[in-house]
Amino acid sequence: MRDSYDLFIIGGGINGCGIARDAAGRGLSVGLAEMGDLAGATSSSSTKLFHGGLRYLEYWEVRLVREALLERDVLLRNMPHISWPMRFVLPLSPEMRFEGGTPTSKLLGTVMPWLKGKRPDWLIRTGLAMYDALAKSKIMPGTRSISLDGTPEGAPLEDRFHKAFEYSDAWVEDSRLVVLNARDAAARGADVNVRTKVISAERDGDEWVITLDGERSGDVRAKMLVNAAGPWVGDVIHGVMRANTPEGVRLVRGSHIVTKRLYDHDKCYFFQGADGRIIFSIPYEYDYTLIGTTDAEHDDPDRAPECTDAERDYLLNFANGYFKRDLSADDVVWTYSGVRPLYDDGASSATAATREYVLKVDTTGGAPVLNVFGGKITTFRRLAENAMDKIEAHLPTLSGKWTHNAPLPGGDFPVDGQRAQVATLQAAYPFLDDHWALRLVRAYGTEAAEVLGEAKTAADLGEDFGATLTAAEVAWQMDREWAREAADVLWRRTKLGLRLDEAQVARLGAWMAERRAGAAAAAE
């Protein structure tokens, strides 16, 4: 580990790790500190989609949507193990009322009052046509009309729905996206530190002196600082750097619920609400359905976000307006919430607040700092490139943009090659069943064989913690992916927390603690 860097990054979410990877690949010496686990907050609590944001067109955020849509193909090519195309079904209902407060609805209400608040089919089709035109995708098919009468897509829905539009977006394993960016950054020379909090950052002439506490403690120096602390970006500005800036974030909580699988096909649903909001219903972890999200103000980044009963019931009632089966709180097997640190543009509501990211460089008093506000998981790579444009004004690099055609670790196979990877893995390890092999490929891609090593049988992988999680895989995550505790494994690097019982979780935690203790003793 170095004690002096060109660039030091505060925050191990997708923005921080994405910038670290890009900067290290351009030849800068990079350090990063994350106070908890990688993707421990917002970046593991998304709706897990690479998408342009169809509803943002109603706010006329065309540039944002276009950038995100163009990125989908780039990201799918570079990470086909953790991201793949999905089809979205948008049911049409003649009695659907649209009473949202978007600029589009207000305009329609003014010039066409006969609509009486409805979002008409032609408006939806126009939006989807624009979506396809902006995307120019060479990977995903465009929009089409489908029947819901007597079809798999219509089977779980109420009989009043007869027609739908179907369009494309993509799924992503969000927390693994963060970990793989961190791994690639480290492979290119970056020092990645977890469970390490930045206590203070002070300018000392043309450098920063940064005080760390945790797994890594003491002072390091850097020529430039990046504040990518997500929900804590304001706390870092005012508390850690003791600086003043008029820029700020608006904390918006997005909550999700997970139920047992509600339908048999592998498509998602895009549901419209009478309040102008939308939710998604998405096949999740093979046996479950993910429903989300909400938009609620959140006042304190240090207050852990939780799905409230009111948010849970809102999502249930929303979904019940579409599904034949009436869902209740008893159907919810898990909930999660994340705080989106949106740039505070003074919008009147959480829903209307911009999803655009804003990058601000401050050189007041000497050494520069880049403060990162907002951002979407879909545009993380472009955010990192734009951040590097600003960083290079202060720290010239050895090379230019490079991430456009650079696969993440394990992603060096064709975008449509996931099934072939599964077949190859099963041929090499015949003891893997279809589900186990697919899970490993969707986590590690071409590196899955490295996780399994020389194993000839399942027993060769060491202790079985349940749900196909073995000691060999956990050891890989501890040694290569900065996993420290059971929750790091079960809720971020995998989602096997949905399947393990309390005794299995406890055993996993004890095994990891024993292994950490053994490693510490060997290092003395």
Side-chain angles (χ1 to χ4, degrees), residues 1-25 28-41 43-44 175 178-204 207-233 235-237 239-242 301-302 367 369-370 372 391 395 475-489 492-493 512-513 515-524:
M1 291 257 182
R2 305 166 59 101
D3 57 12
S4 180
Y5 300 92
D6 294 322
L7 191 69
F8 197 89
I9 299 167
I10 303 174
I14 188 55
N15 290 339
C17 291
I19 294 171
R21 178 193 184 221
D22 197 330
L28 295 180
S29 58
V30 178
L32 181 147
E34 163 54 48
M35 65 179 178
D37 183 27
L38 297 174
S43 295
S44 59
S175 48
V178 178
V179 169
L180 294 180
N181 270 272
R183 280 198 57 217
D184 204 29
R188 298 172 191 277
D191 289 340
V192 177
N193 306 278
V194 299
R195 266 77 176 186
T196 298
K197 188 170 185 177
V198 176
I199 301 301
S200 68
E202 298 181 355
R203 287 181 169 101
D204 181 18
E207 287 190 329
W208 286 93
V209 177
I210 303 146
T211 302
L212 308 175
D213 183 56
E215 285 194 9
R216 185 176 183 187
S217 297
D219 291 348
V220 298
R221 301 180 75 89
K223 296 175 183 176
M224 187 169 183
L225 192 66
V226 173
N227 173 13
W232 293 271
V233 64
D235 290 3
V236 169
I237 291 171
V240 173
M241 297 188 295
R242 293 193 291 275
D302 290 325
V369 57
L370 172 64
V372 180
I391 289 167
L395 299 175
W476 169 279
Q477 293 182 8
M478 294 180 74
D479 294 344
R480 307 282 191 96
E481 297 186 349
W482 299 275
R484 300 290 187 264
E485 299 174 357
D488 303 347
V489 173
R492 285 177 285 279
R493 287 149 190 83
M512 293 178 71
R515 192 172 189 274
R516 288 197 309 273
E524 291 180 354

Please assess Met35 against Trp232 for the test side-chain contact (heavy atoms from CB on, under 4.5 Å), listing each intermediate value before the final yes or no.
CA-CA 11 Å; Met35 65 179 178; Trp232 293 271; 3.6 Å; yes
Inter- and intrachain pairs under salt bridge (Lys or Arg N to Asp or Glu O under 4.0 Å), touching residues 2-17, at least two apart:
Asp6-Lys223
How many angstroms lie between atom CD1 of Ile14 and atom CG of Asn181, to the nearest 0.5 angstrom?
4.5 Å
Minimum heavy-atom distance between Ala229 and Val236, given as atom pair plus value
CB-CG2, 3.7 Å
Only pairs at least two apart or in different chains count here, so list each side chain to side chain donor-acceptor pair (under 3.5 Å) that has a residue in residues 9-19.
none
Thr196 and its side chain to side chain contact (heavy atoms under 4.5 Å, CB included) partner, picked from Val192, Val198, Asn193, Val194:
Asn193
Asp488 side chain reached by Met512 side chain, heavy atoms, under 4.5 Å
no
For Val178 and Cys17, which heavy atoms make the closest approach, and how far apart are they?
CG1-SG, 3.7 Å
Given Ile210 and Ile10, is the side-chain contact (heavy atoms from CB on, under 4.5 Å) satisfied, shown in steps?
CA-CA 10 Å; Ile210 303 146; Ile10 303 174; 5.7 Å; no
Please report the shortest heavy-atom distance between Arg188 and Arg21, naming the atom on each side.
CD-O, 4.3 Å
Taken to the nearest 0.5 Å, the spacing of Arg493 CZ from Leu180 CG works out to 10.0 Å
Of the non-hydrogen atoms in Ala24 and Ala190, which two are nearest, and what is the gap between them?
CB-CB, 4.3 Å
Heavy-atom pair of closest approach, residues Leu212 and Ala33
CD2-CB, 4.2 Å
Going from CD1 on Ile9 to CG on Asn227, what distance comes out if it is rounded to the nearest 0.5 angstrom?
11.0 Å
Separation of Leu32 CG from Leu38 CG (nearest 0.5 Å):
7.5 Å
State, yes or no, whether a side-chain contact exists between Asp37 and Arg195 at a heavy-atom distance under 4.5 Å.
yes
Start with the C-alpha gap between Asp191 and Val220, add the side-chain angles, then the distance that decides, and say whether side-chain contact (heavy atoms from CB on, under 4.5 Å) holds.
CA-CA 12 Å; Asp191 289 340; Val220 298; over 6 Å; no
Please tell me if the side chains of Arg242 and Glu202 come closer than 4.5 Å, counting only heavy atoms from C-beta onward.
yes
Nearest-0.5 Å distance, CD of residue Glu207 to CZ of residue Arg221:
4.5 Å
May I have the step-by-step check of side-chain contact (heavy atoms from CB on, under 4.5 Å) for Trp208 and Val369, ending in yes or no?
CA-CA 9 Å; Trp208 286 93; Val369 57; 3.7 Å; yes
Which pair of non-hydrogen atoms, one from Arg492 and one from Ser175, has the smallest distance, and what is that distance?
O-OG, 2.5 Å
